[in-house]
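The structure displayed is predicted, hence computed values, not measured ones. These numbers come from the heavy atoms of this one structure, side chains and all, not from hydrogens, waters or symmetry mates.
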Amino acid sequence: MSGAPDADDVRLAGALVREAGTLAARMRAEGVDGLGVEQKTSVSDVVTAADRAAEELVARRLSEERPDDGVLGEEGVDEPGTSGRRWVIDPVDGTYNFLSGLTWWCSAVALLDGDELVLGAIYHPHDDALFLGGPDLPSTRDGVPVGPLRDVPLGHTSMATYFAPGDLAAGAAFYRAAGSAAAVRMLGSGSMDATAVAQGQVGLVLQHSVPPWDELPGAALVRGPAARRGGCATRASSGTPRARPPRSRRRARPWWARPWAGPTGNGPVAAMA
């Protein structure tokens, strides 16, 4: 398969994130004490029993419905598959918000077909909102189209980002970009930030060294409405977004198709607008 996802892909992606988000929200409602919080790379980079349970739910559903597809999850699931397609899972994007009682978190998946980003799905439990979209699938919120995106000067729009205390590797590139925006917002969930971009509420998402589960679901969603205006900012190494080239001029092996080796602190800047 290449290009637009089929109806069953869209149905499955929506069901996966809705079920994962509903499970995580139910576990959070039962109290923090039962979440078994563990620290990963920092005090704000944590994993809970809800993250793991939601990822296991999605991986199990995929093993039943798409046994030949590969699966990559933030919390450790890594199945290469044989079909050439791969699902990327972020069971709880914004775990620190989730744990703190803030509502800006979600469950998210993306689907790759070979090197092509095909589909993204994001479910926001607090608003009971389901986002679906991709480069060849107009993005929707609960079935209602979002976008199209408008070209706005960076100085006239806001930028959403995440910059961990002590992470100075992005340094000069980050400040060159952030210093030109009308305002900077640090909300705590990359996929949720992308839903805001797709809906025209935020102008840009920019972050350094982003793993595939944090970027791909939102990147697919942003490209849905952006495709209707003819371009989309996706990635730049200098900290300045650049236009997404037409399909005929894209590199044969995009960045997201490369093996993920974990954060290094010196990777390129990921941007969506």
Engineer: Has the side chain of Glu74 got a donor or acceptor atom that lies under 3.5 Å from a matching backbone atom of Ile89?
Structural biologist: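 Absent.
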Engineer: If two hydrophobic side chains count as joined below 4.5 Å and joins carry through other members, does Leu206 share a cluster with Met186?
Structural biologist: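 Yes: a chain of side-chain contacts under 4.5 Å links Leu206 to Met186.
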Engineer: Please test Leu130 against Val17 for side-chain contact (heavy atoms from CB on, under 4.5 Å), starting from the C-alpha separation and ending with a verdict.
Structural biologist: CA-CA 8 Å; Leu130 176 63; Val17 294; 3.5 Å; yes
Engineer: Using the rule given for side-chain contact (heavy atoms from CB on, under 4.5 Å), can you reason through Val118 versus Leu112, listing the C-alpha separation, both sets of side-chain angles and the distance that settles it, and then say yes or no?
Structural biologist: CA-CA 5 Å; Val118 172; Leu112 298 170; over 6 Å; no
Engineer: Would you indicate whether the side-chain heavy atoms of Glu116 and Leu111 approach each other to under 4.5 Å?
Structural biologist: no
Engineer: Could you measure the distance from the OG atom of Ser158 to the CG atom of Leu187? Nearest 0.5 Å is fine.
Structural biologist: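 If we round to the nearest 0.5 Å, Ser158:OG and Leu187:CG are 8.5 Å apart.
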Engineer: Crowded around Glu19 CD? As in, over 12 foreign heavy atoms under 6.0 Å?
Structural biologist: yes
Engineer: Does the pair Glu65 and Arg11 meet the rule for a salt bridge (Lys or Arg N to Asp or Glu O under 4.0 Å), with working shown?
Structural biologist: CA-CA 12 Å; Glu65 297 203 30; Arg11 174 202 62 79; 3.0 Å; yes
Engineer: Where do Glu75 and Pro91 come nearest, in terms of heavy atoms and distance?
Structural biologist: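 For Glu75 versus Pro91, the nearest heavy atoms are CG-CG, 4.0 Å.
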Engineer: Can you check whether Phe98 reaches Thr48 side chain to side chain, under 4.5 Å on heavy atoms?
Structural biologist: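 Phe98 reaches Thr48 side chain to side chain.
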Engineer: Would you say the side-chain atoms of His124 pair up with the backbone N or O of Thr103, donor to acceptor, closer than 3.5 Å?
Structural biologist: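 Judged by distance alone, yes, a pair lies under 3.5 Å.
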Engineer: Would you mind reporting whether Leu62 and Leu12 have side-chain heavy atoms less than 4.5 Å apart?
Structural biologist: yes
Engineer: Show the nearest heavy-atom pair for residues Val197 and Leu149, with the distance to one decimal.
Structural biologist: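 Smallest interatomic distance, heavy atoms only, reads O-CD2, 3.2 Å.
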Engineer: What is the minimum heavy-atom distance between Pro125 and Ala25, and which atoms define it?
Structural biologist: CB-CB, 4.2 Å
Engineer: Nearest heavy-atom pair of Thr157 and Gly203: which atoms, and what distance?
Structural biologist: OG1-CA, 3.1 Å
Engineer: Could you tell me if Asp128 and Tyr123 have a donor-acceptor pair between their side chains, going purely by distance under 3.5 Å?
Structural biologist: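 Yes, Asp128 and Tyr123 have a side-chain donor paired with an acceptor closer than 3.5 Å.
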Engineer: Counting distance only, does the side-chain N/O of Glu79 pair as donor-acceptor with the main-chain N or O of Leu72 below 3.5 Å?
Structural biologist: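 Side chain of Glu79 to backbone of Leu72: no pair is present.
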Engineer: Identify the two heavy atoms, one from Ala24 and one from Val92, that lie closest to each other, and give their separation to 0.1 Å.
Structural biologist: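 Result for this residue pair: CB-CG2, 3.8 Å.
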Engineer: Rounded to the nearest 0.5 Å, how far does OH of Tyr162 lie from CG of Asp193?
Structural biologist: 12.0 Å
Engineer: Would you call Val71 and Asp78 a side-chain contact if the rule is heavy atoms closer than 4.5 Å?
Structural biologist: no
Engineer: Does Arg85 reach the side chain of Arg66, with side-chain heavy atoms less than 4.5 Å apart?
Structural biologist: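 Result yes, sub-4.5 Å side-chain heavy-atom pair found.
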Engineer: If I take atom CE from residue Met192 and atom NE2 from residue His126, how far apart are they, to the nearest 0.5 angstrom?
Structural biologist: 10.0 Å
Engineer: With side-chain contact (heavy atoms from CB on, under 4.5 Å) as the criterion, how do Trp87 and Leu16 come out once you've worked through the C-alpha distance, each side chain's angles and the decisive distance to 0.1 Å?
Structural biologist: CA-CA 11 Å; Trp87 298 81; Leu16 292 173; 4.3 Å; yes
Engineer: Treating Gln207 as the side-chain partner and Gly190 as the backbone partner, does any N or O pair qualify as donor plus acceptor under 3.5 Å?
Structural biologist: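 No; zero donor-acceptor contacts below 3.5 Å.
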Engineer: Under 3.5 Å, is there a donor-acceptor pair linking the side chains of Asn97 and Ser100?
Structural biologist: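 Absent: no donor and acceptor within the cut-off.
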Engineer: I need the Ile122 CD1 to Cys106 SG distance, nearest 0.5 Å.
Structural biologist: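 Ile122 atom CD1 to Cys106 atom SG measures 5.5 Å (nearest 0.5 Å).
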Engineer: Will you find, in the side chains of Asp93 and Trp213, an N or O donor that is under 3.5 Å from an N or O acceptor?
Structural biologist: no
Engineer: Is it the case that the side chain of Ser180 and the backbone of Gly155 share a donor-acceptor pair, with hydrogens and angles ignored and the cut-off at 3.5 Å?
Structural biologist: no
Engineer: Report yes if the side chains of Leu216 and Leu117 come closer than 4.5 Å at any heavy-atom pair, otherwise no.
Structural biologist: yes
Engineer: Might you work through the salt bridge (Lys or Arg N to Asp or Glu O under 4.0 Å) test for Arg86 and Asp115, ending with a clear yes or no?
Structural biologist: CA-CA 10 Å; Arg86 196 171 213 196; Asp115 290 348; over 6 Å; no
Engineer: A side-chain contact here means heavy atoms from C-beta on lying under 4.5 Å apart; do Pro217 and Ser191 qualify?
Structural biologist: yes
Engineer: Would you indicate whether the side-chain heavy atoms of Val109 and Asp90 approach each other to under 4.5 Å?
Structural biologist: no
Engineer: Would you compute the distance between atom CG of Leu57 and atom CG of Leu23 and round it to the nearest 0.5 angstrom?
Structural biologist: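 So the gap between those two atoms works out to 6.0 Å.
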Engineer: Do Gln199 side-chain atoms and Thr195 backbone N/O form a donor-acceptor pair below 3.5 Å?
Structural biologist: yes
Engineer: Drop me the distance from Asp9's CG to Leu119's CG, to the nearest 0.5 angstrom.
Structural biologist: 6.5 Å
Engineer: For residues Trp104 and Ser189, report the shortest heavy-atom separation together with the two atoms involved.
Structural biologist: O-CB, 3.5 Å
Engineer: Using atom types as modelled and distance alone, determine if a side-chain donor or acceptor of Arg28 lies under 3.5 Å from a backbone N or O of Leu99.
Structural biologist: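 Present.
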Engineer: Under 3.5 Å, side chain of Asp127 to main-chain N/O of Ala129, donor-acceptor pair present?
Structural biologist: no
